[in-house]
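Here is the structure we will look at, set down as structure tokens.
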Amino acid sequence: MIIATWNVNSIRSRMEHLLEWLQNFGPDVVLLQELKCQNEQFPAEPIEDLGYNIAVHGQKSYNGVAILSKTPIEDVVRELPGEGDDGSARYIEAVTNNVRVASVYCPNGQDIGTEKFAYKMNFFDRLKIHMESLLTYEEKVVIAGDYNIAPTDDDVYDKVKFRNRLLTSPEERGKYKALINMGYIDIVRAMNPADKVDNTSLFSWWDYRQGSWDQNKGLRIDHLLLSPQAADVADKCGVDRDLRGKQRPSDHTPVWCQI
DNA sequence: ATGGTAGGGATCCTA
């Protein structure tokens with residue numbers, strides 16, 4: 001089965017691209033972020049017509065995450081347990097086809113040192129606690145989404161420019177590394193060692209501004225983190241750059257793996 | 001240091 005993650009930057013603005021991609025690529029599970037709509041505004045019908053079940057955690061204007069799956073979606077969880085709901089729809093988890101999957105939209109953080117940056121750090125602490133608990137079940141788990149962190153200098157187009165900036169600071173990278181050190185596998189990087197691939201081919205996000213896409217000035221900030229049990233049976237992965245080159249694209253492109 | 005582009009939805013906020 002193929003599990004893909006994609007930050008669509010507004011589901012309603014991206015329907016044409018999404019439907020075309022579902023039809024042509026046909027991933028079994030799709031983890032979406034930045035829906036920017038409420039549950040009742042989610043355009044479910046055309047997606048269901050392509051054979052997908054849907055679980056949505058929407059929010060007006062901001063955030064919003066969803067799970068699409070060709071197999072039934074069970075045991076849906078719509079927030080990170082423990083801390084209570086702060087109103088941000090950034091997490092949805094469920095079991096489908098014997099795999100526990102989650103779509104996560106980690107906070108951007110605005111600027112280092114701001115209140116929003118502190119919120120981002122706290123979100124990662126909460127995420128870590130939850131992901132740690134999931135490991136104890138020894139299941140196939142795939143937690144994927146927009147982590148808003150470029151894990152290393154290999155994941156940015158200019159490591160000098162991005163020294164200690166938002167998305168690349170040591171504090172942010174430490175939070176990401178903590179997830180990896182617990183035992184989760186960044187499957188795209190694991191299958192594409194930095195010294196053996198063209199790292200720019202793994203970028204998942206390009207700023208809308210200053211012609212970033214045309215100059216391939218991108219970052220790798222969308223990740224699929226797999227439990228050992230999932231990574232053991234993973235055999236393929238990829239980045240669908242094509243969608244970033246379309247008319248009126250999302251600023252992110254889909255990333256996927258096959259298990 | 002600033003501002004550049006996009007989306008939502010309200011005349012600004014978030015990214």
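As the structure is a computational prediction, the values presented were derived from the model and not from experiment. Quick note on labels: first sequence line is chain A, next is B, and so on, each numbered from 1.
- Atom name C1', nucleotides B/dA6 and B/dA10: the rounded distance is 16 Å, in whole Å.
- The nearest whole Å value for the distance from the CD atom in A/Glu34 to the C1' atom in B/dT5 is 14 Å.
- Here B/dT14 presents its C1' atom at 16 Å from CZ of A/Phe123, a figure rounded to the nearest Å.
- Defined by atom type and a distance below 3.5 Å, a donor-acceptor pair is missing between the side-chain atoms of A/Ser88 and A/Gln59.
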Would you give me the side-chain donor-acceptor pairs under 3.5 Å for residues 157-167 of chain A, sequence neighbours excluded?
| from | atom 1 | to | atom 2 | distance (Å) |
| --- | --- | --- | --- | --- |
| A/Asp158 | OD1 | A/Val160 | N | 3.0 |
| A/Asp158 | OD1 | A/Lys161 | N | 3.0 |

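- At a threshold of 4.0 angstrom between heavy atoms, the contacts of A/Arg90 are confined to the sugar-phosphate backbone, with no base atom among them.
- For B/dC12 and B/dA1, the P atoms lie 26 Å apart once the distance is rounded to whole Å.
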Pick out the pairs of N or O atoms, protein on one side and nucleotides 9-12 of chain B on the other, that lie under 3.5 Å.
| from | atom 1 | to | atom 2 | distance (Å) |
| --- | --- | --- | --- | --- |
| B/dG9 | OP2 | A/Arg12 | NH2 | 3.4 |

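- Between A/Ile11 and A/Gly109, the one whose closest nucleotide on DNA chain B sits nearer the 5' end is A/Ile11.
- Of the residues near DNA chain B, A/Arg209 and A/Leu35, the one whose nearest nucleotide (by heavy atom distance) lies more toward the 5' end is A/Arg209.
- In terms of phosphate contacts, A/Arg248 brings a side-chain nitrogen or oxygen within less than 4.0 Å of OP1 or OP2 of B/dG7.
- Nucleotides B/dG9 and B/dC13 are separated by 10 Å at their C1' atoms, to the nearest Å.
- Residues A/Lys120 and A/Asn108 bring no donor and acceptor atom of their side chains to less than 3.5 Å of each other.
- The shortest distance between the side-chain N/O atoms of A/Ser250 and the OP1/OP2 oxygens of B/dA6 is not below 4.0 Å.
- One atom, CD of A/Gln33, and another, P of B/dA15, lie 14 Å apart when rounded to the nearest Å.
- Rounded to a whole Å, the CG atom of A/Leu219 is 13 Å from the C1' atom of B/dA15.
- For the 3.5 Å distance criterion, the side chains of A/Arg14 and A/Asn7 fail to qualify, holding no donor opposite an acceptor.
- In this structure, A/Asn63 atom CG and B/dG7 atom P are separated by 17 Å, rounded to whole Å.
- To the nearest angstrom, P of B/dT14 lies 17 Å from CG of A/Asp251.
- Aromatic ring pairs are classed by plane angle as parallel below 30°, tilted from 30° to 60° and perpendicular above 60°; the pair A/Phe123 and A/Tyr119 is tilted.
- Between the CD atom of A/Gln210 and the C1' atom of B/dA1 there is a distance of 13 Å, rounded to whole Å.
- Straight-line distance from the CG atom of A/Asp207 to the C1' atom of B/dG7: 14 Å, rounded to whole Å.
- Defined by atom type and a distance below 3.5 Å, a donor-acceptor pair is present between the side-chain atoms of A/Glu93 and A/His130.
- Classification of the A/His223-A/Tyr147 ring pair by plane angle, with boundaries at 30° and 60°, yields tilted.
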Distance-only donor-acceptor hits, side chain of residues 45-53 of chain A, under 3.5 Å, sequence neighbours excluded:
| from | atom 1 | to | atom 2 | distance (Å) |
| --- | --- | --- | --- | --- |
| A/Tyr52 | OH | A/Pro27 | O | 2.6 |
| A/Asn53 | ND2 | A/Ser69 | O | 3.2 |
| A/Asn53 | ND2 | A/Thr71 | O | 3.1 |

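- The side chain of A/Lys116 approaches B/dA15 more closely than any other nucleotide in the set B/dA15, B/dG3, B/dG7.
- B/dG3 and B/dG7 have their P atoms separated by 22 Å, given to the nearest Å.
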